[in-house]
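The structure appears right after this line, and notes come after that.
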Amino acid sequence: MQTDSSFTFVLFGGTGDLSMRKILPALFEAHRAGGMLADSGKIVAVARHVADRAAYIDWVVEHVKPHVSKNGVDETAWASFLDRIEFVKIDLGNPEDFTLLRDALSGRPGIRVFYLATGPSLFVPICRALASVGLNENSRIVLEKPLGYDLKSSNAINDAVGEIFAEEQIYRIDHYLGKEPVQNLLALRFGNVLFEPLWRREWVESIQITIAEELGVEARGDFYDNTGALRDMVQNHLLQLLSIVAMEPPHSMDSDSVRDEKLRVLRALKPIDPRDIGKVAVRGQYHAGVIRGSGVPAYATEPGVKPDSTTETFVAVKVEIENWRWSGVPFFLRTGKRLADRVAEIVVNFRAVPHSALGASALRGGANRLVIRLQPNETIRLYCLAKQPGEGMNLASVHLDLAFDRFFREGQMEAYQRLLLDVINGRLALFVRRDEQEAAWRWVEPILNEWAASNKPPKPYAAGTWGPAAASAMLAQHGTCWLEEEN
Ligand code: BG6
């Protein structure tokens, strides 16, 4: 992909964790690959606690370099990458400082991208300060999640930002949408004729979507304790994955065709009756346990977490979609920290054959199953029944595997790299539109409210397990189980 579109990428929160781990490494990769970023494109970092450009570059070398290029840093590319970086010292609490930014950006060619890698409480003040010095013209703004705490606060941010930037200028990041395997899901569904006729209630019994993490809350205890897994992962990543799995074929891949179809799914989610929450949603919190042979502490003893915290680190929830394609098919979503494995996958369980001449084993549900492993090791696995060799007609489960890294040995792109290039090049398809975000908040809100009002604590689970037993019981009521519980 060659580009000559010039840009200035202004990074607010230039010394934050996200800039260090994701944004600057992604920009470096795009730079190193060559031809993806215009030579004249610049990165302007904004921070308060750094004296000047030289000090910022020292910070980048110390903190960002260890996160780039797992297989060793290309030193020539690294040196020319640093040449792209400029620095403006701004106190975000002081709107007058934005004249410094305006002066630094004046007369530059191309589009301006403002990336707000800051806490959401700063989104509106930054946007207002940008507008006060006329920097909202010819620009795009990138908002990191979480965008708000609930529907009301998210609307308040969107309203205020929307007074300054048009919707086409606003890029709401959900990094799951930038992942190669999630892109591949679109290719699998809409580039092949094979699955589409089966992708509906007549043939699908249930669908599971899991994002499991081994990591705990790391250094983010303070943030996480005010957020919890429902806001951190379900409202955004899991509902976005669900909408891609369940959406109708879009008529094109342009940004609004895809987002319109996702929105239809989000609006068709069956609202949860607050009285049913105990039956359709499980919340858990990890206690001390062992992961890969090492002991890990309980969530409540992590730095920044209140010792009597009732914040959930695990959620499993049953979702239904009220439309002709999916009516009656349960979608089970699950995410958690400190689980037994790091895995993100989608499991489509097909119905059993309606009549079997081959014995009862062909009548078992789950004989046909499609497992789409998003990470790690992107794979698609299709389970079928086959005859066991030898006498008689005994069936056994076999599978066809499609391991993407064997087909495509290079060219994989990290999510942030793809998304940042999309912002610079003005492609909105992989960013969340305001109406999608609202629909997602609207759906999770009854659960948030019920949990906030409840005096029952989250169910405990030991770190290194698959979460509370109630999550398994919820599936058992539907005659199914989580994939790892099969044997
Ligand atoms: C982030 C969440 O959005 O996604 C984190 O805030 C979580 O809590 C992360 O760890 C998971 O992303 P990935 O790409 O590592 O699966």
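What you see below is based on every heavy atom in this structure, not just the backbone, and it leaves out hydrogens, waters and symmetry mates. Throughout, numbering of the chain's residues begins at 1 and tracks the sequence. Model, not experiment: these values are computed from the prediction.
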Distance-only donor-acceptor hits, side chain of residues 393-405, under 3.5 Å, sequence neighbours excluded:
unit_1: Asp401; atom_1: OD1; unit_2: Arg381; atom_2: NE; d: 2.7
unit_1: Asp401; atom_1: OD2; unit_2: Arg381; atom_2: NE; d: 3.4
unit_1: Asp401; atom_1: OD2; unit_2: Arg381; atom_2: NH2; d: 2.8

What orientation do His175 and His237 show, parallel under 30°, tilted 30 to 60°, or perpendicular over 60°?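 Judged by the thresholds at 30° and 60°, the geometry between His175 and His237 is perpendicular.
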
Take the angle between the ring planes of Phe114 and Phe12 and call it parallel below 30°, perpendicular above 60°, tilted in between. tilted

Between [X] and [Y] (side chain of the first, backbone of the second, donor and acceptor by atom type, cut-off under 3.5 Å), is there such a pair?
X: Gln208; Y: Leu483; answer: yes
X: Glu445; Y: Leu151; answer: yes
X: Asp174; Y: Tyr176; answer: yes
X: Ser454; Y: Lys456; answer: yes
X: Trp441; Y: Gly148; answer: no
X: Arg140; Y: Ile424; answer: yes
X: Arg267; Y: Leu263; answer: no

Take a 6.0 Å sphere around NZ of Lys387 and say whether it holds more than 12 heavy atoms from other residues, nucleotides or ligands.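 Counting neighbours around NZ of Lys387, more than 12 heavy atoms of other residues, nucleotides or ligands fall under 6.0 Å, so yes.
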
Counting only heavy atoms from other residues, nucleotides and ligands, does the tally under 6.0 Å from NZ of Lys459 exceed 12? no

Is there a side-chain contact between [X] and [Y], using heavy atoms and a 4.5 Å cut-off?
X: Asp232; Y: Thr335; answer: no
X: Val317; Y: Trp443; answer: yes
X: Val423; Y: Phe431; answer: yes
X: Phe195; Y: Leu370; answer: yes
X: Val10; Y: Val113; answer: no

Verify side chain to side chain donor-acceptor pair (under 3.5 Å) between Tyr461 and Thr313, making sure each step is shown before the conclusion. CA-CA 10 Å; Tyr461 63 96; Thr313 59; 2.8 Å; yes

So, Ser19 versus Tyr115: side-chain donor-acceptor pair below 3.5 Å or not? no

Less than 3.5 Å apart, any donor N or O on the side chain of Arg264 or Asn323 sitting next to an acceptor on the other?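 On atom types as modelled, these side chains do not qualify, holding no pair under 3.5 Å.
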
Assess the residue pair Glu320 and Trp326 against the criterion (side chain to side chain contact (heavy atoms under 4.5 Å, CB included)); give the C-alpha distance rounded to whole Å, side-chain angles, the decisive distance to 0.1 Å, and a yes or no. CA-CA 8 Å; Glu320 288 180 81; Trp326 294 117; over 6 Å; no

Could you tell me whether Asp341 and Arg292 have a side-chain N and a carboxylate O separated by less than 4.0 Å?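 Result for this pair is yes, salt bridge flagged.
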
Looking at residues at least two apart in the chain, or sitting in another chain, which of them share a side chain to side chain contact (heavy atoms under 4.5 Å, CB included) with Gln477?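 Scan of Gln477 (side chain to side chain contact (heavy atoms under 4.5 Å, CB included), adjacent residues dropped) gives none.
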
Indicate every side-chain donor-acceptor pair of residues 179-189 with a distance under 3.5 Å to a residue at least two apart or in another chain.
unit_1: Lys179; atom_1: NZ; unit_2: Gln375; atom_2: OE1; d: 2.7
unit_1: Glu180; atom_1: OE1; unit_2: Met413; atom_2: N; d: 3.3
unit_1: Glu180; atom_1: OE1; unit_2: Arg418; atom_2: NH2; d: 2.8
unit_1: Glu180; atom_1: OE2; unit_2: Arg418; atom_2: NH2; d: 3.3
unit_1: Gln183; atom_1: NE2; unit_2: Leu177; atom_2: O; d: 3.1
unit_1: Asn184; atom_1: ND2; unit_2: Glu378; atom_2: OE2; d: 3.0
unit_1: Arg189; atom_1: NH1; unit_2: Ile244; atom_2: O; d: 3.1
unit_1: Arg189; atom_1: NH1; unit_2: Val245; atom_2: O; d: 2.8
unit_1: Arg189; atom_1: NH1; unit_2: Met247; atom_2: O; d: 2.7
unit_1: Arg189; atom_1: NH2; unit_2: Met247; atom_2: O; d: 2.9

